[in-house]
Amino acid sequence: ARSLVAWCDVEGRFVTKDVFPVVLPHVDTACAAAAWTAVLNSRVVSVIYHLLFRGIQIGGGYLHFLPVYLHRLPVPPAEAVIVLGPAVLALQQDPTPGAAEALDREVSALYGLQPDELEVVEAYADAVLGFSSPLQRR
């Protein structure tokens with residue numbers, strides 16, 4: 001993929017050879033796990049991952065997203081992230097571009113991006129990582 005694509009699968013339906021489950025220790029609600037889905041799907045995390053690991057790109061700009069690399073990503077504190085959970089679960093029930101954009105902006109706010117920084121992240125993610133495509137195509 002060109003960007004991280006995560007799904008909160010509390011029912012365990014998607015575990016295959018090409019899907020890496022991420023287990024969060026000491027998390028007692030689906031909302032907490034869902035909140036991290038928003039962070040992983042965000043433009044800012046995908047841009048950081050792409051910049052850190054672009055040396056592992058294969059044809060067409062595709063990256064390998066391996067669990068061993070995820071621990072190097074800077075993530076907001078759990079207390080801040082937890083507020084995203086209900087929005088993620090709602091988005092997964094009814095995926096709309098507007099709701100996805102709103103959630104992405106909330107994640108960017110957790111990273112404290114200034115307007116000019118946000119503009120650069122959005123431009124890079126849209127042009128290089130395919131975020132300008134409809135949500136379902138990423």
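We count residues from 1, following the sequence as given.
- Residues Gly85 and Ala34 share a closest heavy-atom pair of O-CB, 3.7 Å.
- At most 12 non-hydrogen atoms from other residues, nucleotides or ligands lie less than 6.0 angstrom from CD of Glu119.
- The two residues Ala38 and Val107 have their closest heavy-atom pair at O-CG2, 3.7 Å.
- Heavy-atom minimum distance, Asn41 versus Phe131: O-CE2, 3.5 Å.
- Taken from CG in Leu118 to OG in Ser108, the straight-line distance is 5.0 Å, to the nearest 0.5 Å.
- Minimum interatomic distance between Arg43 and Asp104 (heavy atoms only, all atoms of both residues): N-OD1, 2.7 Å.
- A 4.5 Å side-chain heavy-atom check between Tyr124 and Leu51 finds at least one atom pair inside the cut-off.
- Linking Ile, Leu, Val, Met, Phe, Trp and Tyr residues whenever their side-chain heavy atoms come within less than 4.5 Å leaves Leu110 and Val120 in two separate clusters.
- The OG1 atom of Thr96 lies 10.0 Å from the CD atom of Glu101; values are rounded to the nearest 0.5 Å.
- Considering CG of Leu89 and CG of Leu84, their distance stands at 11.0 Å, rounded to 0.5 Å.
- Listed here is the closest heavy atom pair of Asp126 and Ser132: O-OG, 3.4 Å.
- Minimum heavy-atom separation, Ala87 to Leu103: CB-CD1, 3.8 Å.
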